[in-house]
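Just so it is clear, the structure is predicted and the values come from calculations on it, not from any experiment. Values below: every heavy atom of this structure, side chains too, minus hydrogens, waters and symmetry copies. Here is the naming used below: chain letters follow the sequence lines, and residue numbers restart at 1 for every chain.
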2 protein chains.
Amino acid sequence: MKNAYFYTCNSSMAHKITQQILLTVDAVVFGYSQGQGVSVLLIKRKIKPFKDSWALPGGFVHDKESLEDAVMRELQEETGISVQYLEQLYTFGGVGRDPRSRVVSVAYFALVKSSEFTLLAATDAAEAEWFNIEELPVLAFDHGVIINKAIERLRAKITYEPIGFELLDRKFLFSDLEQLYVKLLGYDIDRRNFKRKMMSLGLVQQLDEVVASSTAGRPGKLYSFDKKKYKELKVSGFDLLKLI
Amino acid sequence: MKNAYFYTCNSSMAHKITQQILLTVDAVVFGYSQGQGVSVLLIKRKIKPFKDSWALPGGFVHDKESLEDAVMRELQEETGISVQYLEQLYTFGGVGRDPRSRVVSVAYFALVKSSEFTLLAATDAAEAEWFNIEELPVLAFDHGVIINKAIERLRAKITYEPIGFELLDRKFLFSDLEQLYVKLLGYDIDRRNFKRKMMSLGLVQQLDEVVASSTAGRPGKLYSFDKKKYKELKVSGFDLLKLI
DNA sequence: CCAAAAGTGTTGTGCCTACACCCATGG
DNA sequence: CCATGGGTGTAGGCACAACACTTTTGG
């Protein structure tokens with residue numbers, strides 16, 4: 001039982017705090033590649049309960065570390081990955097989440113660049129693997145619920161904030177960006193309208209390079225995301241209007 | 001020190017969990033009245049630290065109670081209020097939040113009807129008080145930060161979800177709704193455009209009643225929020241377009 | 001009859017949607 | 001020369017913004 005670190009009172013009589021709740025963090029890391037589509041990074045559990053099930057990377061928060069630090073540490077330890085984008089998603093505190101004890105988990109939402117994606121996919125680490133969001137395995141604990149919430153957030157967010165760029169390489173083809181949106185939204189979008197709207201935001205700049213045409217067809221120009229411009233626009237408050 | 005409820009391992013060697021983190025919930029409760037504008041419910045702390053400072057209602061989560069239950073229990077105990085609307089806001093987990101120990105707090109965002117607002121304001125309970133969001137006192141812990149985040153959420157949410165109704169009486173004048181928006185947004189809006197847009201959503205119905213004109217001027221018709229219609233629309237997915 | 005608040009319509013502009021053909025390369 | 005994917009412009013509809021006068025009541 002936990003020590004009484006201090007006393008509290010709602011009534012007039014003070015009483016000890018003897019809370020038996022453990023705190024963890026979990027990360028839903030999204031990655032993207034042309035071939036595998038939008039994917040989530042999962043690890044295979046090596047201990048009970050749910051031994052050998054797939055689960056979100058995460059773990060217990062240390063006493064003197066912030067929640068963000070805990071997420072990044074666990075991601076590093078369990079998957080070796082470093083994320084581009086990290087934000088808090090939701091805190092899951094249901095009583096029966098963990099069969100062993102009361103565990104409350106602060107879930108985070110993370111995005112990694114395509115290069116990180118392929119990097120991990122190349123190694124044959126059996127411990128961490130990418131799963132397409134349409135073909136998820138059965139998950140440990142309530143991690144399925146957490147992922148669903150994260151996917152919902154991703155789908156919503158991509159229509160009003162330019163986070164698509166966090167999932168692509170630094171340089172990308174416009175068709176890549178379009179494909180990412182199509183896969184996330186689940187319906188086709190008009191190529192010309194999409195490009196016009198995206199360019200009108202002023203966040204995407206066309207480079208002078210042309211991709212070496214690997215496949216058939218006309219080689220595409222390369223584009224990059226103008227992060228500096230994005231920060232300028234964010235402070236002056238920018239309307240994304242209706243992005244899709 | 002907390003018992004080791006179970007073992008964990010990231011590395012191959014299992015080790016005990018000896019986490020010393022306490023978990024609390026805090027509630028940012030918004031209320032509204034014509035006279036006092038948009039306000040937050042605060043309580044005066046009776047114990048150290050921050051004795052006699054104003055703080056958010058909240059407290060420690062019990063071992064076998066969900067986070068939502070904890071919030072509602074604490075609100076009932078500390079303020080006697082019952083909320084119309086409750087959603088999770090954010091989890092604050094900075095290391096130095098509480099001078100005594102590591103305390104992580106899950107903050108909630110709540111709205112109460114105008115009637116509850118006036119009810120509490122009428123009693124002379126010195127423990128809980130409404131404060132206009134423009135005139136907040138110095139707050140205990142990081143509660144100022146929490147309130148700022150909640151205000152941000154409220155301002156954003158009111159433009160894309162019909163939560164304004166949760167703050168008004170069951171029957172209200174259109175001018176009340178308009179005033180609420182004006183006070184929250186901080187700028188004037190066109191009365192005619194506002195009414196047209198709001199009515200076009202089909203969520204507000206005009207009643208056959210007219211308010212007894214207490215002040216000078218033409219008496220207004222009463223309106224009410226059609227909650228049934230709202231639920232219908234929510235499932236079929238409704239565009240709010242640009243509400244303001 | 002005057003002050004105060006409620007109620008109501010129209011017009012212009014600009015964004016969004018829908019839509020189809022040519023271009024550059026590899027094989 | 002053909003298959004494949006990249007690149008581009010325009011016309012119509014509709015939602016949004018801008019705008020001011022009339023009506024009803026109390027004093």
Side-chain angles (χ1 to χ4, degrees), chain A residues 33-35 158-160 168-169 171-183 185 187-224 233 237-244, chain B residues 33-35 158-160 162 168-169 171-183 185-224 233 237-244:
Chain A
S33 79
Q34 186 87 29
I158 204 162
T159 66
Y160 63 84
L168 298 173
D169 281 324
K171 300 174 182 180
F172 53 88
L173 295 168
F174 226 94
S175 55
D176 290 336
L177 189 58
E178 190 204 331
Q179 279 309 304
L180 173 58
Y181 273 78
V182 169
K183 283 198 174 128
L185 297 172
Y187 52 82
D188 277 9
I189 52 184
D190 186 279
R191 196 152 34 108
R192 284 165 293 188
N193 291 337
F194 179 71
K195 183 163 183 184
R196 187 173 338 108
K197 273 185 276 189
M198 195 55 83
M199 293 309 282
S200 76
L201 294 176
L203 300 174
V204 180
Q205 52 192 193
Q206 184 180 321
L207 303 176
D208 284 336
E209 301 172 67
V210 177
V211 76
S213 62
S214 52
T215 65
R218 177 174 174 173
K221 295 168 191 161
L222 283 170
Y223 296 81
S224 76
L233 285 176
F238 67 145
D239 290 347
L240 279 182
L241 301 175
K242 233 180 153 176
L243 194 55
I244 304 297
Chain B
S33 80
Q34 186 86 28
I158 204 162
T159 66
Y160 62 85
L168 297 173
D169 282 323
K171 300 173 182 180
F172 53 89
L173 294 169
F174 226 94
S175 55
D176 289 337
L177 188 59
E178 189 203 330
Q179 279 308 305
L180 173 58
Y181 272 79
V182 169
K183 283 197 175 130
L185 296 172
Y187 53 81
D188 277 9
I189 52 185
D190 186 279
R191 197 150 35 105
R192 287 163 293 185
N193 291 338
F194 179 70
K195 184 164 184 183
R196 187 175 338 107
K197 275 185 276 190
M198 195 56 82
M199 293 308 281
S200 76
L201 293 175
L203 300 174
V204 179
Q205 53 191 192
Q206 185 180 321
L207 304 174
D208 283 338
E209 301 172 68
V210 177
V211 75
S213 62
S214 51
T215 63
R218 176 174 173 174
K221 295 167 192 163
L222 284 170
Y223 296 80
S224 76
L233 285 176
F238 68 144
D239 290 346
L240 280 182
L241 300 175
K242 237 180 148 175
L243 196 54
I244 305 296

**Prompt:** Which whole-number value in Å describes the distance from A/Arg218 CZ to C/dG27 P?
**Reply:** 18 Å
**Prompt:** Checking B/Asp169 side chain against B/Lys171 main chain: does a donor-acceptor pair fall under 3.5 Å?
**Reply:** no
**Message:** Contact between B/Ile158 and B/Tyr181 at the side-chain level, heavy atoms closer than 4.5 Å - yes or no?
**Reply:** yes
**Euclidean distance, atom CG of residue A/Leu207 to atom P of D/dG6 [Å, nearest integer]** = 16 Å
**Between D/dG9 (P) and A/Met199 (CE): distance, integer Å** = 13 Å
**Atom pair distance, as rounded to whole Å: CZ in B/Phe174 and P in C/dT8** = 10 Å
**Message:** Rounding to an integer number of Å, can you tell me how far B/Lys197 NZ sits from C/dG9 C1'?
**Reply:** 16 Å
**Message:** What is the distance, to the nearest angstrom, from the CG atom on A/Leu222 to the C1' atom on D/dG7?
**Reply:** 14 Å
**Asked** Is there a side-chain contact between A/Phe174 and A/Met198 (heavy atoms, below 4.5 Å)?
**Response** yes
**Message:** Is the shortest side-chain heavy-atom distance between A/Leu222 and A/Phe172 below 4.5 Å?
**Reply:** no
**Asked** Rounding to a whole Å, what distance do you find between B/Glu178:CD and C/dA6:P?
**Response** 8 Å
**Request:** Starting from the first five and the last five pairs of the helix from C/dC1-D/dG27 to C/dG27-D/dC1, work out the angle between the resulting helix axes, to 10 degrees.
**Result:** 0°
**Request:** Not counting sequence neighbours, which residues clear side chain to side chain donor-acceptor pair (under 3.5 Å) with B/Tyr223? List them please.
**Result:** B/Lys195
**side chain to side chain donor-acceptor pair (under 3.5 Å) partners of B/Gln179, counting only residues at least two apart** = none
**Message:** Can you see if the side chain of A/Lys221 gets near the phosphate of C/dC23 - specifically, an N or O under 4.0 Å from OP1 or OP2?
**Reply:** no
**Asked** Residues in side chain to side chain donor-acceptor pair (under 3.5 Å) with A/Arg196, at least two apart?
**Response** A/Asn193
**Request:** Check whether any side-chain nitrogen or oxygen of A/Ser175 sits under 4.0 Å from OP1 or OP2 of D/dG5, and answer yes or no.
**Result:** no
**Residues within residues 188-196 of chain B bordering DNA chain C, heavy-atom distance below 4.0 Å** = B/Arg191, B/Arg192, B/Lys195, B/Arg196
**Fill in**
Taken in chain and number order and not counting sequence neighbours, the residues that satisfy side chain to side chain donor-acceptor pair (under 3.5 Å) with A/Gln34 are none
**Message:** Using a strict threshold of under 4.0 Å (side-chain N to carboxylate O), is an ion pair present between A/Lys221 and A/Glu209?
**Reply:** no
